[in-house]
Amino acid sequence: MIRINENYTKLKSSYLFADIARRVGAYAAAHPGKPVIRLGIGDVTEPLPAACVEALHSAADEMSRRATFRGYGPEQGYPFLRELVAKADYADRGCAIEPDEVFVSDGAKCDCGNIQEIFAGDIRVAIPDPVYPVYVDTNVMAGRTGEAVDGRYEGILYLEATAANGYVPAVPDAPADLVYLCFPNNPTGAVATRAQLEQWVAYARRNRAVLLFDSAYEAYIRDPAVPHSIYEIEGARDVAIEFRSFSKTAGFTGTRCAYTVVPKALMAWDRAGRPHALHSLWNRRHTTKFNGVSYPVQRAAAAVYGEAGRGQVRALADFYLGNARLIRDAMAKLGLRCAGGENAPYIWVDVGRPSWDFFDLLLEKAQVVCTPGAGFGRCGEGHIRISAFNSRENVEEALARIASALR
Ligand SMILES: Cc1ncc(COP(=O)(O)O)c(C=O)c1O
């Protein structure tokens with residue numbers, strides 16, 4: 001008799017965005033004359049930068065000619081992209097990352113989700129609350145947790161991000177083996193200072209732990225004092241893996257390209273205490289289970305680093321940050337405290353009441369969709385996430401509607 005992986009049955013039955021879609025669908029069906037504006041799901045709205053489109057077209061032309069056609073490429077990514085990443089995203093910021101430490105993939109979601117399989121099943125995992133749900137759910141699927149009790153899985157060490165700590169979790173007293181960190185943060189939009197990241201690197205070194213540093217929103221950092229990479233912190237090469245994505249940097253959510261950095265110096269240990277390079281394990285996993293990102297998409301990603309591309313992606317992030325500023329200002333005028341939105345495309349609003357209540361209020365009175373904070377974890381209760389990914393027109397209209405709904 002074929003049996004299932006019963007860890008899947010521990011997952012909370014409904015997925016946050018499915019819940020939202022259901023409520024919005026029911027509202028829209030009952031009120032067909034009232035158009036809804038979605039500031040909920042974190043998908044981009046603006047088209048690909050022109051430099052990326054040009055690169056896609058010319059790579060498609062190459063694929064149409066026998067002399068320049070390409071079949072399978074290297075699973076880890078073409079050298080032209082890995083070299084650009086190592087130079088522009090790391091060497092130019094003073095981080096020593098080699099091109100062969102960069103693994104190109106079709107998304108940071110897959111990488112954040114898959115990385116846990118190179119670690120033992122009985123390690124202690126520390127995960128922020130609130131959090132991008134992928135980190136939690138993939139560890140549940142892998143059997144590293146017990147059941148969910150009051151919205152929290154047994155066995156996970158939760159790192160609380162609250163107004164009291166500026167939404168940046170403090171280093172815990174207890175040891176953990178694998179620590180997920182995300183800055184700029186989804187959902188809170190918080191960024192970590194250099195001093196805070198130094199504490200995390202010291203914690204990992206002390207506990208022989210690994211930090212999984214998700215910097216999918218790195219392109220939104222504008223404060224020059226905020227580190228863009230964990231490798232800007234001394235000693236991080238020995239303890240950290242970093243995830244980046246072109247999704248929010250260059251509008252690649254539908255085009256799909258990302259990368260993961262695994263330094264060769266990074267070790268983890270077997271039961272007998274022998275060290276193993278995680279680079280070798282991830283290389284093995286990646287080459288066994290993944291067959292590379294398509295050539296035209298890697299060419300489009302490489303165009304992000306060209307002269308025209310750099311300006312275009314900067315302008316794209318600036319555009320969304322302009323939306324974020326409008327949202328922050330509007331929330332302040334309504335007397336609602338908020339975090340994020342300055343170095344991140346998300347605004348985390350303290351609404352002072354249950355987050356699903358506020359979600360329903362905005363939907364019914366303003367026809368605006370936000371994301372209830374409770375969906376990101378227990379500490380998200382009392383908050384909503386507003387996304388800056390939308391057209392200026394929609395953001396302005398949504399803010400006007402919210403203002404009159406709450407008046
Ligand atoms: C924190 C974080 N990491 C990773 C991802 C996924 O990125 P990708 O589109 O590269 O899979 C997202 C997407 O919303 C995210 O918010």
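Ligands are counted one by one from 1 in listed order, and the atoms in each one are counted from 1 as well. On a predicted model such as this, the values are computed, not experimentally measured, just so you know.
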(message) Contact between Ser229 and Arg244 at the side-chain level, heavy atoms closer than 4.5 Å - yes or no?
(response) yes

(message) I'd like to check Ile4 versus Thr9 (side-chain heavy atoms, cut-off strictly below 4.5 Å). Are they in contact?
(response) yes

Does [X] pair with [Y] as a salt bridge, N-O distance under 4.0 Å?
X	Y	value
Asp137	Lys12	no
Arg401	Glu397	yes
Glu6	Arg3	yes

(request) Classify the side-chain pair Tyr346/Tyr217 by whether it contains a donor and acceptor separated by less than 3.5 Å. (result)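 There is such a pair (donor and acceptor under 3.5 Å, judged by atom type) between the side chains of Tyr346 and Tyr217.
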
(request) Would you please write out the protein residues whose heavy atoms approach any atom of ligand 1 to under 4.0 angstrom, listed by chain and number? (result) Gly107, Ala108, Lys109, Tyr132, Tyr135, Cys182, Asn186, Asp214, Ala216, Tyr217, Ser245, Ser247, Lys248, Arg256

